[in-house]
Amino acid sequence: MDLLSVIVKPLHSEKSYSLRNEDVKKYVFEVNKNANKYEISLAFQLIYGVVPEKVNIVNRKPAPTRTGTRNPGMTKAKKIAYITLPHGVDIQVEESDQPKEKETKKDIPNKDLKKENREEKKEKPKKGVLSKLVKTSPKAK
């Protein structure tokens with residue numbers, strides 16, 4: 001198995017954040033289902049450059065979920081690795097799941113929004129028989 005495909009992604013949850021903030025740092029990763037502790041240790045060493053002190057593995061079984069049909073759906077089965085680092089060693093795990101800041105309506109002044117709405121209304125062509133009658137009648141002008 002390729003060592004770069006062993007660790008799938010870091011898991012971000014309340015439990016994983018609390019384990020990171022202890023004296024002995026523990027990091028939580030989703031790993032390939034076919035990987036063993038030795039392969040996980042080697043992959044972690046290759047990616048982060050730190051030899052882990054201990055690797056624990058948990059197989060998370062699929063759980064039933066509600067769907068709109070008679071038969072319930074199931075979540076995916078996962079293998080989760082809890083990697084313990086030596087005392088005093090810390091790593092930087094990428095936080096790709098963080099939402100990016102979006103520009104909200106509060107950031108834009110209200111006057112600009114009103115002007116944009118007026119322009120959008122003017123640009124829309126009217127459809128249907130009544131719109132053709134309104135365009136051709138002399139009272140519409």
Side-chain angles (χ1 to χ4, degrees), residues 1-137 139-141:
M1 177 180 292
D2 183 27
L3 289 179
L4 292 176
S5 64
V6 171
I7 295 178
V8 177
K9 64 180 179 180
L11 290 180
H12 303 290
S13 64
E14 289 183 27
K15 183 177 181 179
S16 67
Y17 283 122
S18 66
L19 290 173
R20 280 186 205 174
N21 294 330
E22 293 179 359
D23 291 337
V24 179
K25 307 276 187 197
K26 290 185 181 182
Y27 288 88
V28 184
F29 294 93
E30 182 180 336
V31 295
N32 192 327
K33 293 178 190 174
N34 298 327
N36 57 25
K37 289 183 180 184
Y38 180 73
E39 291 173 339
I40 294 169
S41 176
L42 288 177
F44 186 83
Q45 202 172 3
L46 178 72
I47 295 170
Y48 294 103
V50 178
V51 179
E53 191 174 291
K54 187 167 48 168
V55 176
N56 295 331
I57 295 175
V58 174
N59 286 314
R60 185 177 290 171
K61 295 179 182 177
T65 59
R66 293 182 61 178
T67 59
T69 62
R70 176 179 286 180
N71 301 330
M74 300 295 276
T75 60
K76 291 184 178 181
K78 295 180 183 179
K79 184 178 260 190
I80 298 172
Y82 292 89
I83 298 176
T84 306
L85 298 182
H87 187 72
V89 178
D90 195 15
I91 61 168
Q92 183 64 33
V93 178
E94 60 191 51
E95 308 243 352
S96 60
D97 295 340
Q98 293 291 335
K100 295 181 181 178
E101 292 184 21
K102 295 181 181 178
E103 190 173 312
T104 60
K105 290 184 178 180
K106 293 179 182 177
D107 298 338
I108 303 171
N110 289 336
K111 294 179 182 178
D112 294 338
L113 283 176
K114 290 178 182 177
K115 288 179 184 177
E116 290 175 9
N117 289 340
R118 288 181 197 154
E119 290 172 2
E120 289 176 8
K121 288 179 182 177
K122 289 178 183 177
E123 293 174 4
K124 292 180 182 176
K126 295 183 178 179
K127 297 180 181 177
V129 177
L130 292 178
S131 64
K132 292 178 185 175
L133 293 175
V134 171
K135 289 180 184 176
T136 57
S137 67
K139 292 181 183 178
K141 294 180 184 179

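When atom types are taken as modelled, the side chain of T65 and the backbone of T75 share no donor-acceptor pair closer than 3.5 angstrom. The main-chain N or O of R20 is never found under 3.5 Å from a side-chain atom of S16 such that the two would form a donor-acceptor pair.
Between the NZ atom of K25 and the CG atom of L19 there is a distance of 11.0 Å, given to the nearest 0.5 Å. From I80, atom CD1 reaches atom CD1 of I57 across 11.0 Å, with rounding to the nearest 0.5 Å. Here the CG atom belonging to L3 is positioned 8.5 Å from the CD1 atom belonging to I47, to the nearest 0.5 angstrom.
Residue pairs meeting the side-chain hydrogen bond (donor to acceptor under 3.5 Å, both in side chains) criterion with at least one member in residues 81-90, sequence neighbours excluded, are Y27-D90. For residues 47-76, every residue pair satisfying the ring pair (Phe, Tyr, Trp, His ring centres under 6.0 Å) rule, not counting sequence neighbours, is listed here: F29-Y48, F44-Y48.
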Which pairs would a plain distance check flag for residues 31-39, meaning a side-chain donor or acceptor within less than 3.5 Å of a matching protein atom at least two apart in sequence or in another chain?
| residue | atom | partner | partner atom | Å |
| --- | --- | --- | --- | --- |
| N32 | OD1 | N34 | N | 3.2 |
| K33 | NZ | A77 | O | 3.4 |
| N36 | OD1 | Y38 | N | 3.4 |
| N36 | OD1 | E39 | N | 2.9 |
| E39 | OE1 | N36 | N | 3.3 |

Item checked: Chi angles and distances behind the side chain to side chain contact (heavy atoms under 4.5 Å, CB included) call for L85, V50 -> CA-CA 8 Å; L85 298 182; V50 178; 4.0 Å; yes
Item checked: Verdict with supporting geometry, M1 and V6, side chain to side chain contact (heavy atoms under 4.5 Å, CB included) -> CA-CA 8 Å; M1 177 180 292; V6 171; 3.6 Å; yes
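Side chains of I83 and K26 form no contact here, defined as non-hydrogen atoms less than 4.5 Å apart.
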